[in-house]
Amino acid sequence: MPAARESLLDAAYTALGRRPWPAVRMVDVAAVAGVSRQTLYNEFGSKEGLARALVRREADAYLAGVDRALATPADPRERLAAAAEWTVSAARGNALIKAMLTGCWSERLPAPTLTAVPSSSAVPAQRRADGPLPSPADLVALARDRAVAVLSGPGIPKTDSAELVRSCELVIRVALSCVSAPPGEGGVTALVRTVLQRHPTRSGVLN
């Protein structure tokens with residue numbers, strides 16, 4: 001991502017932490033990033049375009065964190081627990097990620113439409129972020145699929161593969177429940193371990 005674009009998104013994110021999105025002014029975002037307002041419009045097309053790009057970046061950052069958690073040298077159950085821990089901590093620390101995961105957008109946040117949006121802007125499409133944005137179900141599926149890809153091995157029968165998919169999705173959904181209602185003693189990891197123990201997979205897929 002070009003440095004100027006990243007600086008503008010950083011400035012928008014910082015501004016959002018200080019005031020509601022409707023009160024965030026494009027001129028202020030540009031000033032914090034050290035560029036002209038025209039440069040900001042050239043990059044994103046509009047405030048809506050800036051919002052869409054910001055939401056897309058935070059979604060990508062969440063999924064990158066899932067990848068890092070799953071790469072932790074540990075057994076499969078601990079990797080899933082790490083992904084769950086990341087999901088909860090990311091949502092607690094980032095209002096945009098929490099909104100994307102839960103579908104609950106407060107009045108303080110930008111709430112761009114999730115579907116692709118038509119645009120007549122001359123700004124290149126990849127910079128306008130006109131494509132669809134992930135819904136909560138989309139993010140769950142993307143995180144689940146990343147876990148399945150990391151944890152699946154060669155020669156797993158279809159029945160076991162289906163069990164692995166269900167277990168991975170269950171862990172992500174358990175994490176989402178902890179976003180809304182913090183877990184009790186032992187935290188997210190203990191809860192995930194308990195759930196996986198009570199939801200065994202065939203042939204030791206997660207062993």
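Applying the salt bridge (Lys or Arg N to Asp or Glu O under 4.0 Å) test to residues at least two apart or on different chains, none of the pairs has a partner in residues 82-108. Residue pairs satisfying the salt bridge (Lys or Arg N to Asp or Glu O under 4.0 Å) criterion with at least one member in residues 172-184, sequence neighbours excluded, are listed as follows: E169-R173.
Of all non-hydrogen atoms in V150 and L70, the two that sit nearest each other are CG1-O, 3.8 Å. Shown here for A82 and T72, the closest heavy-atom pair between the two residues is CB-OG1, 4.4 Å. The two residues W21 and A51 have their closest heavy-atom pair at CZ2-CB, 3.7 Å. Counting all heavy atoms, side chain and backbone alike, E43 lies closest to R5 at OE2-NH1, 2.9 Å. In this structure, C168 and A147 approach most closely via the heavy-atom pair SG-CB, 3.7 Å. The two atoms that bring L191 and P183 nearest to each other are CD2-CB, 4.5 Å, heavy atoms only.
For T39, the side-chain hydrogen bond (donor to acceptor under 3.5 Å, both in side chains) partners at least two apart in sequence or on another chain are S36. Partners of S7 according to the side-chain hydrogen bond (donor to acceptor under 3.5 Å, both in side chains) rule, which considers only residues two or more places apart in sequence or in another chain, do not exist here. With sequence neighbours excluded, the residues that form a side chain to side chain contact (heavy atoms under 4.5 Å, CB included) with E58 are Y13, L54, N94, L96, I97, M100. S135 pairs by the side chain to side chain contact (heavy atoms under 4.5 Å, CB included) definition with L114, A137, D138, not counting sequence neighbours. Evaluation of the side chain to side chain contact (heavy atoms under 4.5 Å, CB included) rule for V32 yields A11 as partners, not counting sequence neighbours. Applying the side-chain hydrogen bond (donor to acceptor under 3.5 Å, both in side chains) criterion to R79, with sequence neighbours excluded, gives no partner residue. Legend: residues meeting side-chain hydrogen bond (donor to acceptor under 3.5 Å, both in side chains) with D67, ordered by chain and number and at least two apart, are R146. Take R193 and apply the salt bridge (charged side-chain N to carboxylate O under 4.0 Å, His left out) test, not counting sequence neighbours, and it matches E78. For D145, the salt bridge (charged side-chain N to carboxylate O under 4.0 Å, His left out) criterion is met by no residue, not counting sequence neighbours.
The backbone N or O of P132 sits less than 3.5 Å from a side-chain atom of R56, completing a donor-acceptor pair. Checking side-chain atoms of W86 against main-chain N and O of A81 turns up no donor-acceptor pair under 3.5 Å. Here the side chain of S177 pairs a donor or acceptor atom with the backbone of V174 at under 3.5 angstrom.
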Fill in: L80/I172 under side chain to side chain contact (heavy atoms under 4.5 Å, CB included): CA gap, chis, key distance, verdict
CA-CA 8 Å; L80 284 175; I172 300 301; over 6 Å; no
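The OG atom of S161 sits 11.5 Å away from the CG atom of L151 when rounded to the nearest 0.5 Å. Taken from CG in L164 to CZ in R144, the straight-line distance is 10.5 Å, to the nearest 0.5 Å.
A 4.5 Å side-chain heavy-atom check between V195 and L170 finds at least one atom pair inside the cut-off. Here the side chains of P110 and L16 are in contact, with some heavy-atom distance below 4.5 Å. Here the side chains of R57 and D10 are in contact, with some heavy-atom distance below 4.5 Å. Annotation: side chain of R52 is in contact with side chain of T113 (closest heavy-atom distance under 4.5 Å). Side-chain contact check for L109 versus V55: every heavy-atom pair is 4.5 Å or farther apart. The side-chain heavy atoms of L139 and P134, taken from C-beta on, include a pair separated by under 4.5 Å.
Environment of CZ in R19: crowded, with over 12 heavy atoms of neighbouring residues, nucleotides or ligands closer than 6.0 Å.
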